[in-house]
Number of protein chains: 2
Amino acid sequence: MNKSNLYKGCLEPILLKLLKENGRMYGYEMTQKVKALTAGELKITEGALYPLLHRLEAEGILEVEMENLGNRVRKYYSLTASGKKEQARSMIELEAFKNTLQLIFNPKLA
Amino acid sequence: MNKSNLYKGCLEPILLKLLKENGRMYGYEMTQKVKALTAGELKITEGALYPLLHRLEAEGILEVEMENLGNRVRKYYSLTASGKKEQARSMIELEAFKNTLQLIFNPKLA
DNA sequence: AATCGATACATAAGTATTTTAGGTATTTAA
DNA sequence: TTAAATACCTAAAATACTTATGTATCGATT
């Protein structure tokens, strides 16, 4: 998604946040949304995205609705009830992460 | 280092920062320092630490001095000139990372 | 004197996430 | 009509870390 290794592990929280904010999105839309939000800084690769969406669906965190556009199919994902809980948990984890990094990289502000 | 996946990719910047602040440290000392700084939140595992130290040394980012304590050996690591540049670059990358996450997770503040 | 926890190094197999590199097919704009 | 954009997908490889294990010394407790 970026040259930097730091983003590793961030994809799941990002997807959950996108779905929380937008309610209902399809994969390609997510890649475009992230590119737009970050002014091109962060690009979600499809090789990471689709397998993760499938895993989250299998885990019951996401649910899918197929939609037909002429001859094509679009798969809309949204958070299940369990997914909403997971999303909240994920944001708490992200906060803790931020605070821990603060302790290491900004040791002055204690 | 933590249950969370978010820390993946953070170990290298952390080590570089520790060495910038402390000048000269040995591996075990780094694990203790991080535990202390983060009140036990973040634990660097030796299985991740030592291979990384060896890689950074091989890349010329770190240099080593052996020190004898009685019958034991301690390996002190410090940043080379190239390592200092890399450390600075790493901090810039971390800032960019922080800002990008901000764009995704705090979209209000634009 | 023996044992346990802490100190201090190290490696190797396994796991999980992402990258890289493909593949299919439709729609739209040049 | 052809290229770029849209829209899905997978599989092999790379990467980073975990888990488990190993060696050995030192200091404190039993």
Side-chain angles (χ1 to χ4, degrees), chain A residues 1-16 18 24-36 40 42-59 61-62 64-77 90 93-94 97 100, chain B residues 1-16 18 24-36 40 42-59 61-62 64-77 90 93-94 97 100:
Chain A
M1 39 206 307
N2 188 293
K3 284 94 212 158
S4 171
N5 277 331
L6 293 168
Y7 294 93
K8 278 178 207 266
C10 288
L11 186 52
E12 184 173 331
I14 289 173
L15 298 189
L16 296 180
L18 287 178
R24 192 166 170 279
M25 299 180 84
Y26 55 98
Y28 185 75
E29 190 184 9
M30 299 179 197
T31 68
Q32 301 308 301
K33 187 68 176 179
V34 167
K35 218 202 295 186
L42 194 54
K43 280 166 188 148
I44 292 180
T45 59
E46 298 179 318
L49 175 66
Y50 289 113
L52 178 52
L53 288 174
H54 300 162
R55 199 200 84 206
L56 293 174
E57 190 198 344
E59 289 174 358
I61 288 168
L62 301 184
V64 189
E65 282 173 278
M66 310 292 254
E67 205 148 298
N68 284 47
L69 319 94
N71 259 327
R72 267 194 287 187
V73 178
R74 209 180 250 171
K75 293 175 78 174
Y76 277 95
Y77 290 90
S90 163
E93 193 175 292
L94 188 70
F97 171 63
T100 300
Chain B
M1 41 206 304
N2 189 292
K3 283 94 211 156
S4 171
N5 275 330
L6 293 168
Y7 294 93
K8 275 178 207 267
C10 287
L11 186 53
E12 184 174 331
I14 289 173
L15 298 189
L16 297 180
L18 287 179
R24 191 166 171 280
M25 297 179 86
Y26 56 99
Y28 184 76
E29 190 185 8
M30 299 179 198
T31 68
Q32 301 308 300
K33 187 69 177 178
V34 167
K35 217 200 298 184
L42 193 57
K43 279 167 188 147
I44 293 180
T45 59
E46 299 178 315
L49 175 66
Y50 290 112
L52 178 53
L53 287 174
H54 300 161
R55 198 199 84 208
L56 293 174
E57 189 197 345
E59 289 174 358
I61 288 169
L62 300 185
V64 189
E65 282 172 278
M66 308 292 254
E67 205 148 298
N68 285 46
L69 318 94
N71 258 329
R72 268 194 286 186
V73 178
R74 208 181 252 173
K75 293 175 77 173
Y76 276 96
Y77 290 90
S90 164
E93 193 174 291
L94 188 70
F97 171 63
T100 300

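Residue numbers start from 1 in every chain, and the chains themselves are labelled A, B, ... in the order their sequence lines are given, proteins ahead of strands.
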(request) By nearest nucleotide on DNA chain C, pick out whichever of A:T45 and B:L53 is the more 5' one. (result) B:L53

(message) Would you say B:Y50 places a side-chain N or O within less than 4.0 Å of OP1 or OP2 belonging to C:dC9?
(response) yes

(message) In whole Å, I'd like the distance from the CG atom of A:L42 to the C1' atom of C:dT18.
(response) 12 Å

(request) Using whole Å, report how far CD of B:E67 lies from C1' of C:dT7. (result) 15 Å

(request) Look at the side chain of A:Y26 and decide which nucleotide, out of C:dA8, D:dC9, D:dA7, has an atom nearest to it. (result) D:dA7

(request) Could you encode protein contacts along nucleotides 20-29 of chain D as a string, one character per nucleotide from 5' to 3', using B for base contact, S for sugar-phosphate-only contact and - for no contact, with a heavy-atom cut-off of under 4.0 Å? (result) -----BS---

(message) In this structure, how many angstroms lie between the P atom of D:dT19 and the CG atom of B:N2, rounded?
(response) 11 Å

(message) Going by the rule side-chain hydrogen bond (donor to acceptor under 3.5 Å, both in side chains), which residues pair with B:Y7 if we only count those two or more places apart in sequence or in a different chain?
(response) A:T100

(request) Can you tell me the distance, in whole Å, between the OH atom of A:Y7 and the P atom of D:dA16? (result) 16 Å

(message) I need the CG-C1' distance between B:L52 and D:dC17, as an integer number of Å.
(response) 11 Å

(request) Just jot down the ring pair (Phe, Tyr, Trp, His ring centres under 6.0 Å) partners of A:Y28, sequence neighbours excluded, or say none. (result) none

(request) Apply side-chain hydrogen bond (donor to acceptor under 3.5 Å, both in side chains) to A:S90 and list each qualifying residue two or more places apart in sequence or on a separate chain. (result) none

(request) Please determine, for the side chain of A:Q32, which listed nucleotide (C:dT7, D:dT6, C:dT18) has the closest atom? (result) D:dT6

(request) Between B:K43 and A:P51, name the one whose nearest nucleotide on DNA chain D is closer to the 5' end. (result) A:P51

Report all side-chain donor-acceptor pairs from residues 67-76 of chain B shorter than 3.5 Å, counting only partners two or more places apart or in another chain.
from: B:E67; atom 1: OE1; to: B:R24; atom 2: NH2; distance (Å): 2.7
from: B:R74; atom 1: NH1; to: B:Y76; atom 2: OH; distance (Å): 3.1
from: B:R74; atom 1: NH2; to: B:Y26; atom 2: OH; distance (Å): 3.3

(request) To the nearest Å, give me how far apart NZ (B:K8) and P (C:dT15) are. (result) 13 Å

(request) To the nearest 0.5 angstrom, please state how far the CG atom of B:L52 sits from the CG atom of B:L62. (result) 8.0 Å

(request) Look at the side-chain N and O atoms of B:N5 and state whether any lies under 4.0 Å from the OP1 or OP2 oxygen of D:dC17. (result) no

(message) Check this one for me: any side-chain N or O of A:Y28 less than 4.0 Å away from OP1 or OP2 of D:dT6?
(response) yes

(message) For A:K35, give me all partners under side-chain contact (heavy atoms from CB on, under 4.5 Å), at least two apart in sequence or on another chain.
(response) A:Q32, A:K43

(message) What's the closest nucleotide to the side chain of A:K75 if the choices are C:dT18, C:dA16, D:dC8?
(response) D:dC8

(request) Find the distance B:R55:CZ to D:dT15:C1' and express it as a whole number of Å. (result) 10 Å

(request) Could you tell me the separation between the NZ atom of A:K3 and the P atom of C:dT18, rounded to a whole number of Å? (result) 17 Å

(message) Check the phosphate of D:dC8 against A:H54, side-chain N and O only, distance under 4.0 Å to OP1 or OP2. Yes or no?
(response) no

(request) Could you check if a side-chain atom of B:L18 sits within less than 4.5 angstrom of a side-chain atom of B:M25, using non-hydrogen atoms only? (result) yes

